Protein chains: 2
Amino acid sequence: MSIFNRKKEISIQTIRRLPQYLRIFYNLHAYGRELVSSTALAEETQLLPIVIKKDLQAVGAPSKLRAGFKVAGTIAVIEKFLGWNNLNKAFLVGVGHLGAALLGFDGFKNHGLEIVAAFDTHPEKVGNQFHGVQVYHTAQLATVIEKQNLKIAILTVPANAAQGITDTLVTAGIKAIWNFAPVNLTVPPSVIVQKEDISSGLAELCAKLKSR
Amino acid sequence: MSIFNRKKEISIQTIRRLPQYLRIFYNLHAYGRELVSSTALAEETQLLPIVIKKDLQAVGAPSKLRAGFKVAGTIAVIEKFLGWNNLNKAFLVGVGHLGAALLGFDGFKNHGLEIVAAFDTHPEKVGNQFHGVQVYHTAQLATVIEKQNLKIAILTVPANAAQGITDTLVTAGIKAIWNFAPVNLTVPPSVIVQKEDISSGLAELCAKLKSR
DNA sequence: ATTTTATAGATATTTTTATATCCATATTTT
DNA sequence: AAAATATGGATATAAAAATATCTATAAAAT
C-alpha cells in the first residue's frame, strides 16, 4: 500500500456523532451565526472540546484560526460525507407500532432519507396509506424494488419474519438494510446491515442505575 | 483506594451486548439446552468467540470446562446484573408516534421494565388508554410520580419540550431518564440520562454505503 | 502599538476495547 | 486405555478511541 491511496479513516464513533453536530449547526445557521468554536459546541453537546475539534477536522470542516468552525461550510461537508445532501429513496417493511412511527417521523428529510413505500401482510394495512406512504403487500416486494430501483430497506418486522424477508431483499438487489428486528441477519458481504437495538441502551441505563 | 474495594469494572460495550446474549439464552432455555459454547454463540451473534467468552466471564457466568456456559445460570447472572430479574416501574412522557410505539412494545417485560403511566398534553389523548396504559395530563406529573414512587422516566416529547419536562422530573425526584428526544438534557449529577438517537445508526449506515 | 487570550492545528499520551496466544482439562474419538 | 480435540481460563498484544499537551496565530483587550 502506498502512502498515496491511504485515505484517513474516520472512526465509527465520530460518524455517530455527526448527526448531533449537524442538528446544532442547522440551528446556528438559522440564527445567522457564521462561526462557532469547539468550546461553544462542547457546552451544547456535553462533549469535550477536543473531541469535537478532532471530529470536525476529520471530516474536513472549514475553519478560521482563533475564530472557530465555519457554520455553512461545516454543514456542507458533513452532509456530503453522509450523503445527506440529496435524498435517498428507501422503503419500510413491517408496518407495526415501530414501523408506523418511523413512517410518521418527518425528520428523515434532514437525514437524506425519503420513504417511498411500505410493505406488510395484514389485509387491513395493505392498500392503505400511513402518513402518506402507500402500503403494499409483502408479496410485491421484489416488483416494487425493481421498478423503483430502491437500494435501502428499513426492516421493522417481527423477529421470526426478518430473515425470510431479508433473503427476498437480497435477491431483489438491496444494498443496505436498517434492521430494527432483534435478530442477526445473514447476508452476503456486499450487503450492509445496520442493526438498531434499543435494549442495549436500556441495559446501559439499568446497569448505571444498579451501580448507584 | 485499596485493592479490596476495586471491583472489576464491566465495560459499556459488554453491557450493551448483554441483552443480545440474554435473548439467545432464553431461546436455548426454551429448547431445553443446558450448555452452550462461545463458538456456538459466536455463530448466532456474528461476534468473535473470544468477545463472548470475555463478556460472559465478566458478568460471572457459570461454565463447565470444555463444555460451555450453563444456560440457566447465565440467564440468572445477566438478569441480576441488569436488575431485570424483577420489574422496575417506569412511565412515559409524550404519547406521539414513538411514545405510542413504545407503549405497545410488550418486550419490556423481559427487560425489567413495566410502564405504569403515560403523560401528554393533547386533550384527545389525556384520559384515554394506549395499549392498556392510562394517559394523564403532563400537569399531573409530579403528583403521579410521588404517589407511585416512580424512578424511571421514558422521554418521548418533541425537542423543544424536553428540557422543561426534565426539570419537572428532576424536581419530582426521578433517578433515571431514558431520553429519545434529540436534545442534550441538563440534569444534576445524581440523575442518569441515557440518550437514544437513531440518527447515529443511520449516519453509520449512510457512511458505509457511500464508501462502497 | 503592545500585550493578552482563545482558538485551530498538530502531536503525544492514556484509556478502552478488541483480538490473539497459550495452557490445563474434560470430552470425544480411536 | 490412549490420543486427539474443543473449550474455558488466563494472559498478552493490538487496535481504536478518548484525552492531554504544545504551538502558532488571529482576534481582542490594554
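Keep in mind that what you see is a predicted model, and the values were worked out from it rather than measured.
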Exercise. Mark up nucleotides 18-23 of chain D, 5' to 3', with B wherever a protein heavy atom is under 4.0 angstrom from a base atom, S wherever such an atom reaches only the sugar-phosphate, and - elsewhere.
Key: SBBB--
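Scanning residues 62-70 of chain B for heavy-atom distances under 4.0 Å to DNA chain C yields K64(B), L65(B), R66(B).
For F105(B), the ring pair (Phe, Tyr, Trp, His ring centres under 6.0 Å) partners two or more places apart in sequence, or in a different chain, are F108(B). Under the rule for a salt bridge (Lys or Arg N to Asp or Glu O under 4.0 Å), E44(B) has no partner lying at least two apart in sequence or in another chain. For the side chain to side chain donor-acceptor pair (under 3.5 Å) test, no residue two or more places apart in sequence or in another chain qualifies with T171(A). Applying the side chain to side chain donor-acceptor pair (under 3.5 Å) criterion to H122(A), with sequence neighbours excluded, gives D120(A). Every residue meeting the ring pair (Phe, Tyr, Trp, His ring centres under 6.0 Å) condition with H131(B), not counting sequence neighbours, appears here in chain and number order: H97(A). Listed by chain and residue number, F119(B) satisfy the ring pair (Phe, Tyr, Trp, His ring centres under 6.0 Å) test with F91(B) (two or more places apart in sequence, or in another chain). Partners of K54(B) by side chain to side chain donor-acceptor pair (under 3.5 Å), not counting sequence neighbours: none found.
No option in Q13(B), Q20(B), R17(B) other than R17(B) meets the side-chain hydrogen bond (donor to acceptor under 3.5 Å, both in side chains) test with D55(B).
A ring pair (Phe, Tyr, Trp, His ring centres under 6.0 Å) check over residues 179-198 of chain A, counting only residues at least two apart or in different chains, returns the pairs W178(A)-F180(A).
Rounded to whole Å, the distance from CD1 on I12(A) to P on dA16(D) is 9 Å.
Here the range on DNA chain C touched by chain B, meaning any atom under 4.0 Å from one of its heavy atoms, is dT17(C) to dT27(C).
With both pairing distances under 3.5 Å, dT19(D) is matched to dA12(C) as a Watson-Crick or G-U wobble pair.
Between S38(B) and dG8(D) there is a side-chain polar atom (N or O) within less than 4.0 angstrom of OP1 or OP2.
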Side-chain donor-acceptor contacts of residues 162-169 of chain B below 3.5 Å, not counting sequence neighbours, with atom names and distances?
unit_1, atom_1, unit_2, atom_2, d
Q163(B), OE1, T186(B), N, 2.9
Q163(B), NE2, D167(B), OD1, 2.8
Q163(B), NE2, T186(B), O, 3.0
T166(B), OG1, A162(B), O, 2.7
T168(B), OG1, G164(B), O, 3.3

